Number of protein chains: 2
Amino acid sequence: MYAVKESSTNHANKQGELSKCPVTFTLDRIGGRWKALILYHLIAGPQRYGALKKLIPAITEKMLIQQLKELEADTLVHREVKPVVPPHVTYSLTPAGTELAPVMQAMANWGLKYAAVEVG
Amino acid sequence: MYAVKESSTNHANKQGELSKCPVTFTLDRIGGRWKALILYHLIAGPQRYGALKKLIPAITEKMLIQQLKELEADTLVHREVKPVVPPHVTYSLTPAGTELAPVMQAMANWGLKYAAVEVG
DNA sequence: ATAGATACTTACTTTTTGGTTAGTACTTGT
DNA sequence: ACAAGTACTAACCAAAAAGTAAGTATCTAT
């Protein structure tokens, strides 16, 4: 016979939630499938909405806009609208977004090295 | 009246999938809510399963083990079992995992800086 | 005999994320 | 009058990720 299990639930563990570690803080803003990728493509400079769509062909319009909005809300990207028709909207990194560049750059470096390993 | 929409679906865009960018490659292995955090806590050195659980109180056992397994399958972490009872299992970074440290370190740096901004 | 320690495993449910498909606004050029 | 171009928006549904709660194995110490 075995003793009754104490529980390994998230709820029971939530006590530690407030004392978040810095990595968790960052992950909360740039985690997910798309955000780091979007930010990466903005490092080189501002991009129009349509340009981002082309740079990240796998993303759907819904996701691209949703993620851009969230990044904007977190003040990582800046959105600029030229009042013309058809619309002309440009996205760029804010200072806070720019300071994330090392993260994406490190990812790119690692990816370059190990993608090559797996192929070759 | 409007023209019929072409489609902005993922399927239609999948042509670009093979020519993956290096960031996507990296994200495929360390993306998600937990992996970067786990790797971060292994930078300082090998950790037992139970130690990781304490270092990351918000994670459930199921997730911790599942993520560790995936990281192991991607040869980012190494799992070592001492054949004793009770079990004694140690996780550590592989060379490939170690080379990801700059990513997590950059995240930690940014997190430290901007978490402070939000509070202060 | 049984409780304790450690590292898992499994079945099930909920939550979150993402995809599909369609539509809108507005102005210029034909 | 209408098609084209650009940047969205919204309703609905499916899939993936994560959470919950419980159980298992094995040896040591009591």
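Heavy atoms only: backbone and side chains are in, while hydrogens, waters and symmetry mates are out. Chain A is the first sequence line, chain B the second, and so forth, proteins listed ahead of strands; every chain is numbered from 1. As the structure is a prediction and not an experimental result, all values here were calculated from the model.
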K.L.:
OP1 or OP2 of D/dC8 versus the side-chain N and O atoms of A/R79: is any pair under 4.0 Å?
P.N.:
yes
K.L.:
Rounded to whole angstrom units, what separation is found between the CD atom of B/Q67 and the C1' atom of D/dA16?
P.N.:
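To the nearest whole Å, that distance equals 12 Å.
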K.L.:
Who pairs with A/D28 by salt bridge (Lys or Arg N to Asp or Glu O under 4.0 Å), at least two apart in sequence or on another chain?
P.N.:
A/K20
K.L.:
C/dG18, C/dT6, D/dT6: which one has an atom nearest the side-chain heavy atoms of B/P86?
P.N.:
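Given the options C/dG18, C/dT6, D/dT6, the side chain of B/P86 is closest to C/dT6.
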K.L.:
So which nucleotide from C/dA7, C/dG19, D/dA18 ends up closest to the side chain of A/K62?
P.N.:
C/dG19
K.L.:
Take A/V85 and B/A51, find for each the nucleotide of DNA chain C with the closest heavy atom, and name the residue whose nucleotide sits nearer the 5' end.
P.N.:
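Looking at DNA chain C, the more 5' nearest nucleotide goes with B/A51.
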K.L.:
Under 4.0 Å from OP1 or OP2 of C/dA5: is there any side-chain N or O of B/Y49 that close?
P.N.:
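For B/Y49, the contact criterion (side-chain N or O under 4.0 Å from OP1 or OP2 of C/dA5) is not met.
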K.L.:
Report the distance from atom CD of A/Q47 to atom C1' of D/dT6, rounded to the nearest whole Å.
P.N.:
16 Å
K.L.:
Nearest whole Å is fine: how far is D/dA18 P from B/E61 CD?
P.N.:
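Answer to the nearest Å: 17 Å.
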K.L.:
Quick check: is B/I65 connected to B/I56 through a chain of hydrophobic side chains (ILVMFWY, heavy atoms under 4.5 Å apart)?
P.N.:
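Yes; tracing contacts between hydrophobic side chains, which count when under 4.5 Å, links both residues.
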K.L.:
May I have the distance from A/K53 (atom NZ) to D/dT9 (atom P), rounded to whole angstrom?
P.N.:
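After rounding, the gap between these two atoms is 13 Å.
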K.L.:
Taking the minimum atom-to-atom distance to the side chain of A/V89, which one of C/dG19, D/dA7, D/dG19 wins?
P.N.:
D/dA7
K.L.:
So does A/R33 get a side-chain nitrogen or oxygen closer than 4.0 Å to the phosphate oxygens (OP1/OP2) of C/dT17?
P.N.:
no
K.L.:
Is any side-chain N or O of A/R48 closer than 4.0 Å to OP1 or OP2 of D/dT6?
P.N.:
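Indeed not, no polar side-chain atom of A/R48 lies that close.
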K.L.:
May I ask you to say what A/K69 touches in the nucleic acid, namely base, sugar-phosphate or nothing, with a heavy-atom cut-off under 4.0 Å?
P.N.:
sugar-phosphate
K.L.:
Just how far, in rounded Å, is C1' of D/dC12 from CD of A/Q66?
P.N.:
15 Å
K.L.:
Counting side-chain heavy atoms from CB outward, which of C/dA7, C/dC8, C/dG19 is closest to B/I65?
P.N.:
C/dC8
K.L.:
How many Å lie between CE on A/M63 and C1' on D/dA14, as a whole number?
P.N.:
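Nearest whole value for this atom pair: 13 Å.
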K.L.:
To the nearest Å, how far apart are B/I56 CD1 and D/dG19 P?
P.N.:
12 Å
K.L.:
Side chain to side chain donor-acceptor pair (under 3.5 Å) between A/Q105 and A/Y40: does it pass, once the steps are laid out?
P.N.:
CA-CA 8 Å; A/Q105 229 114 53; A/Y40 176 66; over 6 Å; no
K.L.:
Would you confirm whether A/S92, through its side chain, and A/P46, through its main-chain N or O, come within 3.5 Å as a donor-acceptor pair?
P.N.:
no
K.L.:
Give the rounded distance in Å between these two atoms: CG of A/L68 and P of D/dA7.
P.N.:
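To the nearest whole Å, that distance equals 11 Å.
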K.L.:
With respect to the phosphate group of C/dG18, does any side-chain polar atom (N or O) of A/T60 fall under 4.0 Å of OP1 or OP2?
P.N.:
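For A/T60, the contact criterion (side-chain N or O under 4.0 Å from OP1 or OP2 of C/dG18) is not met.
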K.L.:
Could you go step by step and tell me if A/Y91 and A/E80 meet the side chain to side chain donor-acceptor pair (under 3.5 Å) rule?
P.N.:
CA-CA 6 Å; A/Y91 292 92; A/E80 199 180 348; over 6 Å; no
